[in-house]
Amino acid sequence: MKKVLSIAGSDCSGGAGIQADLKTFAAHQVYGMSVITSVVAENTARVLTYQDIAPEIVQAQIEAVFTDIQPDAVKIGMLSNPETMKAVAASLKKWHPANIVLDPVMYAKNGAALMEAEAIDTLITDVLPLADVITPNIPEAIKISGQEISDLAEMKTAAQAIFASCHTAVLIKGGHKIGAATDILFDGQSFYSYSSDRIPTTNTHGTGCTFSSAIAAELAKGQSLNQAIQQAKSYITTAIRHSLDIGQGHGPTHHFYELYQAAATVKKGGFNK
Ligand SMILES: Nc1ncnc2c1ncn2[C@@H]1O[C@H](COP(=O)(O)OP(=O)(O)OP(=O)(O)O)[C@@H](O)[C@H]1O
Ligand SMILES: Cc1ncc(CO)c(N)n1
């Protein structure tokens, strides 16, 4: 069985963070592991507060995993401060795992900050270059690139600018745009786009976590980056279509092995180079 590690924050309401990641791994039938970076008191509507795990405990968790089990892929989510970022970066350099998917989490769906604003420089210089692909949403891509993004052409320009600074493939997610849900990948040479109709729902808590974990699970299974994103796009679209009306804010995505099977057989009509 393929093994996938998530290094991320905990969402006690179960829709995002480590909880979404482990549910996604289970649906993909890969063995999931978790290193917790921060404990977030949040729900579908708001973030109350969070406490970061001490960097040495983050590193010790990574050490515990890697001295025993070699992951086939690693998903990285919430890293709220420069010290946590440096600790994770040092561990990645020590163990150099394959297939690192990094979701540069900065805000929850309701706009609450999950990363300190001053940490952006450390994120760009110390962490992003270590990933195989990064998956910013539009507000995160604006912060990383320093460019405005209001349409597909600007998503492409921003992806090029981010690639130029970290030499990592960049997948900018269009979930925050109006119109079709179109994501753009720039791998340093070519652009690829992954598109689905926008599903009319506000139940989109944890969509980014689910998507990046699905990409990591597919990479662990040996798919190319492009294939992994195609499969993961089908999975997240299906998981949003079946999202749950739970809680008073943005309800969570749904995870089921049956969804994975349904997504895996969806015709790959939305993909074009
Ligand atoms: N309403 C929607 N209908 C269809 N696809 C969507 C919708 N909202 C988001 N997506 C897709 O879900 C994936 C995740 O993108 P999104 O921009 O929502 O991530 P995110 O903002 O990082 O999520 P979060 O921070 O809540 O975890 C992308 O493939 C995006 O296109
Ligand atoms: C712990 C955590 N990670 C990521 C997100 C982004 O959705 C969230 N809301 N909570």
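Both counts, for ligands and for their atoms, begin at 1 and track the order of listing.
Among Thr204, Thr207, Thr201, Thr24, the one residue that satisfies the side-chain contact (heavy atoms from CB on, under 4.5 Å) test with Thr253 is Thr207. Among Thr182, Asp183, Thr237, the single residue meeting the side-chain hydrogen bond (donor to acceptor under 3.5 Å, both in side chains) criterion with Ser195 is Thr182.
For Asn110 (side chain) and Ala45 (main-chain N/O), a donor-acceptor pair under 3.5 Å exists by modelled atom type. Of the possible polar contacts, one joining the Asn99 side chain to the Asp72 backbone as a donor-acceptor pair under 3.5 Å is found.
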Just list the N/O pairs, ligand 2 to protein, that are under 3.5 Å apart, with the distance for each.
unit_1, atom_1, unit_2, atom_2, d
ligand 2, 9 (N), Glu42, OE1, 3.0
ligand 2, 10 (N), Glu42, OE2, 2.6

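For residues 82-93, every residue pair satisfying the side chain to side chain donor-acceptor pair (under 3.5 Å) rule, not counting sequence neighbours, is listed here: Asn81-Thr84.
Contacts of Ser38 classified as side-chain hydrogen bond (donor to acceptor under 3.5 Å, both in side chains), with partners at least two apart in sequence or in another chain: Asp52.
Taking the six-membered ring where the residue is Trp, the centroids of Tyr235 and His28 are separated by under 6.0 Å.
Taking the centre and axis of the six-membered ring of Phe191, the NZ or CZ atom of Lys156 falls inside the cone set by 45° and 6.0 Å.
Checked by atom type, the side-chain pair Glu154/Ser150 shows a donor-acceptor distance below 3.5 Å.
Near ligand 1, residues Lys109, Asn137, Lys173, Gly175, His176, Ala181, Asp183, Ser196, Asp197, Arg198, Ile199, Thr204, Gly206, Thr207, Gly208, Cys209, Phe211, Lys233, Ile236, Ile240 each place a heavy atom inside the 4.0 Å sphere around the ligand atoms.
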